[in-house]
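What follows is one structure encoded as structure tokens, with my remarks underneath.
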Amino acid sequence: MTLNLYNTLTRQKEAFKPIQPGKISMYVCGVTVYDYCHLGHARVLVVFDVMARFLRSQGWDLTYVRNITDIDDKILRRAEENGEPYQSLTHRFIEAAHEDEARLGIDPPDIEPRATAHIDDIIAMVQTLVEKEYAYAASNGDVYYRVKHFKEYGKLSNKNPEELLAGARIDVEDAKEDPRDFALWKHAEDSETGWDSPWGRGRPGWHIECSAMSKHCLGEHFDIHGGGPDLPFPHHENEIAQSEAANGCHYVNYWVHAGALRVDGEKMSKSLGNFFTIRDVLEKYHPEVVRYLLIGSHYRSPINYSEDSLIEARSGLERFYGALQNYVDVPPATPEALADSRYYRDFVTALNDDFNTRLALAAMYELVRELNSEKSSENARLLAAELKAMGSILGLLKEAPERFLQAGAGDDISAEKVEALIAERAEAKKARNFARADEIRDQLQSEGVVLQDSPDGTQWRRE
RNA sequence: GGCGCGAUAGCAAAGCGGUUAUGCCCCGGAUUGCAAAUCCGGUUAGGCCGGUUCGACUCCGGCUCGCGCCUCCA
């Protein structure tokens with residue numbers, strides 16, 4: 001089946017054609033590690049995680065690279081403020097990011113390159129750009145990219161180079177030939193963090209690390225490059241300028257960008273200060289609830305974050321887990337078994353169409369309806385297996401249903417107490433003392449525990 | 001100002017030129033000792049103005065409103 005995906009470069013959906021048959025090389029811009037990751041980061045991480053899982057499930061041989069930017073001005077400034085070496089700062093936040101990713105069920109990428117481990121590659125690429133006259137060493141010790149030499153500058157973000165020139169900020173002290181030029185290499189004093197280079201001591205500019213690392217990991221030309229909503233300009237535009245000028249070939253075939261996560265209609269971002277960190281949200285909500293929230297909308301659409309949206313996400317997941325409650329022992333369906341499922345066919349069709357996760361979830365809900373109608377049949381077990389397999393492609397439904405449904409906050413009534421009361425209620429029911437049975441149920445209800453009687457016994461969950 | 005995106009029922013969110021999206025909520029029924037869960041049925045749509053068409057939420061044009069990028073940000 002054809003994979004269609006929206007390409008920022010052409011501003012339309014295109015049929016995906018791999019460079020090498022059956023293989024996909026994908027590079028995604030990861031985080032700059034000077035603070036905890038917020039939900040906006042989580043969205044990018046989850047969206048590309050789902051893409052990676054889905055592509056692999058469809059038999060693609062995927063190489064997924066997601067970098068860590070561990071040297072940059074913000075990092076140095078934050079380390080300075082903290083009075084600590086920048087490496088201890090970045091080390092701490094890399095650990096934190098890995099923790100957050102693991103909790104959200106995000107599989108590690110195949111390669112996770114760090115900028116500081118590729119200074120040689122960076123210097124080599126800057127050197128090439130200087131040799132090709134796409135870059136120049138300025139009087140202040142910086143090396144800049146010569147934008148006017150790259151005729152296609154602006155092609156990704158659909159900007160007119162002339163207009164960029166007109167709108168550029170005027171900086172009198174600037175050593176640039178042209179206000180559009182951007183730094184490839186920044187001069188560093190001896191007291192500052194830096195590496196030796198042909199242009200003296202310095203450190204990389206913001207965009208060059210991705211050009212260098214993607215080349216190192218995937219080559220000069222690869223299939224998919226992804227990132228957050230604010231990266232097409234200037235970051236990815238500059239990456240294209242650097243890579244295509246240095247390598248002399250087309251850089252990336254498909255540019256894929258996630259949509260923004262908003263709060264009260266405004267973008268959640270560090271500069272606006274309106275962000276929720278992943279760990280804050282995970283204090284109160286199950287990781288799968290956060291994942292569900294993030295894939296409940298198309299990856300390019302804006303998502304408005306709110307408490308209500310999380311509650312709704314949880315309700316949706318409860319429907320899935322409720323349906324799976326009696327099929328704990330059923331393993332996820334094998335690919336062969338899935339081939340016959342009409343729900344799976346709809347699910348795959350949806351995801352192949354520019355990763356339409358919302359429509360894929362709709363297919364799962366339709367499966368749930370059939371599953372719930374067939375509690376005891378063998379067909380129900382097959383459906384449960386299919387549901388688990390689809391969930392796993394989305395990175396959901398990995399929890400034992402009871403564990404998900406009974407998960408509570410710290411001060412909630414304990415599971416042991418609930419079980420004890422249920423046992424007592426069972427005795428009361430057996431004695432046909434319904435008044436006592438209802439009293440117990442009301443008591444549990446007031447503790448946020450809902451009971452579900454069935455011929456096989458009583459199940460419970462928290463609201 | 002430049003470039004781009006969006007406007008769908010109570011809320012969230014998709015596809016589609018004509019046929020039930022889906023989830024949450026709400027109403028009715030079945031089921032239940034009573035509930036819950038579940039199933040069945042139901043209510044509530046497509047910003048505004050034109051145009052194309054036998055027929056438009058879906059295509060085209062205009063308008064209004066909102067948002068994003070253009071500056072560090074995923």
Side-chain angles (χ1 to χ4, degrees), chain A residues 8 11 28-32 34-35 37-48 69 72-74 77 154 157-160 162-164 166-169 206 226-235 237 257-262 265-273 275 292-293 296-298 300-304 306 308-309 311-320 322-323 325-326 346 349-350 353 356-366 368-375 405 429 432-435 437-438 441-442 444-445 449-455 458-461 463:
Chain A
T8 307
R11 270 153 270 132
V28 173
C29 287
V31 295
T32 301
Y34 65 99
D35 206 341
C37 292
H38 63 229
L39 280 179
H41 296 105
R43 182 170 192 187
V44 173
L45 293 165
V46 167
V47 157
F48 286 99
T69 296
D72 118 304
D73 288 356
K74 291 182 295 297
R77 195 186 319 132
S157 50
N158 198 26
K159 294 188 187 305
N160 180 331
E162 300 306 316
E163 285 168 0
L164 283 171
R169 286 183 172 179
W206 172 29
D230 35 23
L231 296 183
F233 191 90
H235 187 237
E237 194 69 68
H257 294 95
L261 195 80
R262 297 179 184 169
E266 275 191 314
K267 193 174 82 157
M268 178 183 293
S269 73
K270 286 183 181 170
S271 60
L272 289 172
F275 64 92
Y292 183 99
L293 167 70
S297 303
H298 185 84
R300 284 187 281 114
S301 303
I303 295 179
N304 211 298
S306 68
D308 284 351
S309 61
I311 290 167
E312 193 178 311
R314 181 174 153 84
S315 298
L317 272 176
E318 280 174 357
R319 185 164 165 79
F320 287 136
Q325 234 172 162
N326 296 317
D346 289 348
T349 300
D353 185 12
N356 192 334
T357 47
R358 180 62 182 213
L359 196 55
L361 287 171
M364 291 168 69
Y365 282 117
E366 288 181 1
V368 164
R369 198 187 308 144
E370 188 181 336
L371 171 57
N372 284 332
S373 303
E374 296 208 43
K375 279 283 182 198
L405 295 168
K429 278 178 67 176
R432 302 200 64 80
N433 182 357
F434 294 122
D438 290 352
R441 188 173 60 206
D442 291 346
L444 286 168
Q445 172 80 50
V449 172
V450 181
L451 301 187
Q452 276 174 243
D453 290 339
S454 80
T458 299
Q459 295 176 312
W460 63 277
R461 64 187 169 79
E463 287 192 307

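First the proteins, then the strands, lettered A, B, ... as listed; each starts at 1. Just so we're clear, the structure is a prediction, and the values are computed from it rather than from any experiment.
Across all strands shown, A258(A) has no heavy atoms under 4.0 Å from either base or sugar-phosphate atoms. Residue contacts for G227(A): at a heavy-atom cut-off of 4.0 Å it reaches the sugar-phosphate backbone alone, with no base atom in range. When heavy atoms are screened at a 4.0 angstrom cut-off, G265(A) is found touching the sugar-phosphate backbone but no base atom. Among the protein residues, P229(A) comes within range of the nucleic acid bases, having at least one heavy atom under 4.0 Å from a base atom.
In this view, K159(A) satisfies the salt bridge (Lys or Arg N to Asp or Glu O under 4.0 Å) rule with no residue, not counting sequence neighbours. Shown here are the side chain to side chain contact (heavy atoms under 4.5 Å, CB included) partners of K270(A), two or more places apart in sequence or in another chain: Y34(A), D35(A), H38(A), H41(A), F275(A). Here R43(A) pairs with nothing under the salt bridge (Lys or Arg N to Asp or Glu O under 4.0 Å) rule; sequence neighbours left out. Residues satisfying the salt bridge (Lys or Arg N to Asp or Glu O under 4.0 Å) test with R314(A), not counting sequence neighbours, are E318(A). A search for ring pair (Phe, Tyr, Trp, His ring centres under 6.0 Å) contacts involving W206(A) returns H235(A), not counting sequence neighbours. Here D73(A) pairs with K186(A), R203(A) under the salt bridge (Lys or Arg N to Asp or Glu O under 4.0 Å) rule; sequence neighbours left out. Contacts of S301(A) classified as side chain to side chain contact (heavy atoms under 4.5 Å, CB included), with partners at least two apart in sequence or in another chain: H298(A). Listed by chain and residue number, F320(A) satisfy the ring pair (Phe, Tyr, Trp, His ring centres under 6.0 Å) test with Y365(A) (two or more places apart in sequence, or in another chain). In this view, N304(A) and R262(A) satisfy the side chain to side chain contact (heavy atoms under 4.5 Å, CB included) rule, not counting sequence neighbours.
Summarising the geometry, the separation between NZ on K267(A) and P on C5(B) is reported as 18 Å, rounded to the nearest angstrom. The nearest whole Å value for the distance from the CG atom in L272(A) to the P atom in U71(B) is 16 Å. The CG-C1' distance, from N372(A) to A36(B), rounds to 14 Å in whole Å. To the nearest angstrom, C1' of C70(B) lies 6 Å from CZ of F233(A). As rounded to whole Å, 11 Å separates atom C1' of U32(B) from atom CZ of F434(A). Computed from coordinates, the R262(A) CZ to A74(B) P distance equals 18 Å when rounded to whole Å. Residue D230(A) contributes atom CG, which lies 7 Å from atom P of C73(B) at whole-angstrom precision. Whole-Å rounding puts the L444(A) CG to A36(B) C1' distance at 12 Å.
Using atom P as the reference point in both A30(B) and G6(B), the two lie 46 Å apart (nearest Å). A distance of about 35 Å separates the P atoms of C11(B) and U31(B), rounded to the whole Å. Comparing the C1' positions of A45(B) and A7(B) gives an interatomic distance of 13 Å, to the nearest angstrom. U8(B) and G51(B) are spaced 24 Å apart, taking the P atom of each and rounding to whole Å. Look at the P atom in both C39(B) and G55(B): the space between them is 41 Å, to the nearest Å. C24(B) sits 36 Å from C60(B) when the C1' atoms are compared, rounded to a whole Å. Taking atom P on both nucleotides, U20(B) is separated from C73(B) by 48 Å, rounded to a whole Å. Spacing of C1' atoms, U43(B) relative to G28(B), comes out at 11 Å, to the nearest Å.
For the residue pair G316(A) and Y292(A), the shortest heavy atom distance occurs at CA-OH, 4.1 Å. Heavy-atom minimum distance, R441(A) versus L451(A): CG-CD1, 3.9 Å. Taking each heavy atom of A350(A) and A360(A) in turn, the nearest pair found is CB-N, 3.6 Å.
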Which pairs, protein N/O on one side and nucleotides 1-3 of chain B N/O on the other, fall under 3.5 Å?
residue, atom, partner, partner atom, Å
G2(B), O2', E163(A), OE1, 2.7
G2(B), N2, K159(A), NZ, 3.1
C3(B), O3', N158(A), ND2, 2.7
C3(B), O2', N158(A), O, 3.3
C3(B), O2', N158(A), ND2, 3.0

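In terms of phosphate contacts, K429(A) brings no side-chain nitrogen or oxygen within less than 4.0 Å of OP1 or OP2 of G33(B). Proximity of W206(A) to the phosphate of C73(B): a side-chain N or O atom is located under 4.0 Å from OP1 or OP2.
Taking 4.5 Å as the limit, every side-chain heavy atom of L405(A) sits out of range of all side-chain heavy atoms of Q459(A).
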Inset, instruction - Can you check each nucleotide of nucleotides 11-27 of chain B against protein heavy atoms at under 4.0 Å and return B for base, S for sugar-phosphate only, - for none, in 5' to 3' order? - result: BBSSS-----BBBS---
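Counting atom types as modelled, D72(A) pairs no side-chain N or O with a base atom of C73(B) as donor and acceptor under 3.5 Å. Under 3.5 Å, the side chain of R43(A) and the base of A74(B) form no donor-acceptor pair of N or O atoms.
Taking the nucleotide of RNA chain B with the nearest heavy atom to each of Q452(A) and P232(A), the more 5' of the two is matched to Q452(A). Mapping L231(A) and E266(A) onto RNA chain B by nearest heavy atom places E266(A) closer to the 5' end of the strand.
R432(A) CZ: 12 or fewer foreign heavy atoms inside a 6.0 Å radius.
Considering only the side chain of L261(A), A74(B) comes nearest among C73(B), A74(B), C69(B). Of the candidates A74(B), C34(B), A36(B), C34(B) carries the atom nearest the D438(A) side chain, counting heavy atoms from C-beta on.
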Legend entry - Dot-bracket line, read 5' to 3' along RNA chain B, where crossing pairs take [ ] and | marks a partner on another strand, Watson-Crick or G-U under 3.5 Å: (((((((..(((.....[...))).(((((.......)))))....(((((..]....))))))))))))....
